[in-house]
Amino acid sequence: MVSTQRAADEGDFAVGNAAESGRAGGWFVGPFLERAGIRRTDRVELKWGVHRAGERRDGISDGAGVGSAAVLVTGSFVMEFPTKRRHVLLSRCGDYVLYGPGVAHSWHAVTDSTVLTVRWPADG
């Protein structure tokens, strides 16, 4: 049985809650974390994003140097890809979109939404 009653970060082992561990911007695994034991890595970044209905990211990001995945946990969320002329609606738990480095994107929450974002270094 897995228990997350008490957060633990012991170097090569971590237990916790993504929303609590990611209080600073939602990122709870990645190279930018200080004193995070196994959660500090340059191989992958994980973000637990909780977004209110109507919240949006108007700035366009090109995700330079990283592949990315957005996976819907709850709600209804739109990923916008202007250079691809695509809007992707994530509306069912588990809906996802994957995109490579250099693919410009923005987003908006149609309803209150939770999205798990995963980034990894692009292949050479």
Side-chain angles (χ1 to χ4, degrees):
M1 179 166 108
V2 176
S3 171
T4 59
Q5 291 177 355
R6 187 175 67 87
D9 197 342
E10 303 167 8
D12 64 351
F13 181 83
V15 174
N17 177 279
E20 291 175 7
S21 295
R23 286 189 182 156
W27 296 101
F28 65 100
V29 172
F32 35 78
L33 302 173
E34 293 182 27
R35 297 184 304 267
I38 196 169
R39 293 185 309 113
R40 180 171 168 57
T41 177
D42 58 2
R43 295 183 184 151
V44 67
E45 299 171 9
L46 300 176
K47 179 181 182 182
W48 189 258
V50 178
H51 307 285
R52 295 284 175 223
E55 183 180 344
R56 62 183 317 114
R57 179 180 182 192
D58 289 323
I60 303 297
S61 174
D62 67 1
V66 296
S68 299
V71 182
L72 185 71
V73 178
T74 63
S76 182
F77 198 80
V78 173
M79 295 288 299
E80 302 164 351
F81 300 92
T83 59
K84 300 285 186 190
R85 296 182 181 172
R86 298 278 311 262
H87 290 80
V88 177
L89 173 64
L90 307 175
S91 61
R92 293 183 311 140
C93 179
D95 283 354
Y96 66 88
V97 60
L98 295 154
Y99 49 99
V103 176
H105 67 282
S106 59
W107 53 260
H108 71 270
V110 178
T111 64
D112 289 353
S113 302
T114 302
V115 178
L116 174 65
T117 302
V118 181
R119 291 185 183 164
W120 57 91
D123 294 334

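As a basis for the values below, the full set of heavy atoms in this structure was taken, side chains included, without hydrogen atoms, waters or symmetry mates.
W120 is not listed as a side-chain neighbour of E45, based on a closest heavy-atom distance of 4.5 Å or more. Taking the side chain as every heavy atom from C-beta outward, R57 and H105 approach each other to under 4.5 Å.
Pairs passing the salt bridge (Lys or Arg N to Asp or Glu O under 4.0 Å) check and including a residue from residues 107-117, sequence neighbours excluded, read R52-D112. Applying the side chain to side chain donor-acceptor pair (under 3.5 Å) test to pairs two or more places apart or on separate chains, those with a residue in residues 77-97 are R56-E80, E80-S106, E80-H108.
Under a hydrophobic clustering in which Ile, Leu, Val, Met, Phe, Trp and Tyr are joined whenever their side-chain heavy atoms come within less than 4.5 Å, directly or via other members, V115 and F28 fall into different clusters. There is a path of hydrophobic side-chain contacts, each under 4.5 Å, that joins V103 to M79. Cluster membership for V73 and F77, using ILVMFWY side-chain heavy atoms within less than 4.5 angstrom, is not shared.
Here the closest non-hydrogen pair linking V110 and L89 is CG2-CD1, 4.4 Å. For the residue pair A104 and P82, the shortest heavy atom distance occurs at O-CD, 3.6 Å.
Applying the side chain to side chain contact (heavy atoms under 4.5 Å, CB included) criterion to P121, with sequence neighbours excluded, gives no partner residue. Residues satisfying the side chain to side chain contact (heavy atoms under 4.5 Å, CB included) criterion with T111, sequence neighbours excluded, are S76, S113. In this structure A19 satisfies the side chain to side chain contact (heavy atoms under 4.5 Å, CB included) test together with N17, W48, sequence neighbours excluded.
Interatomic distance, L46 CG to T41 OG1, rounded to the nearest 0.5 Å: 9.5 Å.
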*Quick one: do V71 and V118 satisfy side chain to side chain contact (heavy atoms under 4.5 Å, CB included)? Show the steps, please.*
CA-CA 8 Å; V71 182; V118 181; 5.5 Å; no

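Other members of the cluster containing I38 do not exist, because no ILVMFWY side chain is joined to it at under 4.5 Å.
A perpendicular orientation is assigned to the rings of F32 and W27, their planes being inclined by more than 60° (bins at 30° and 60°).
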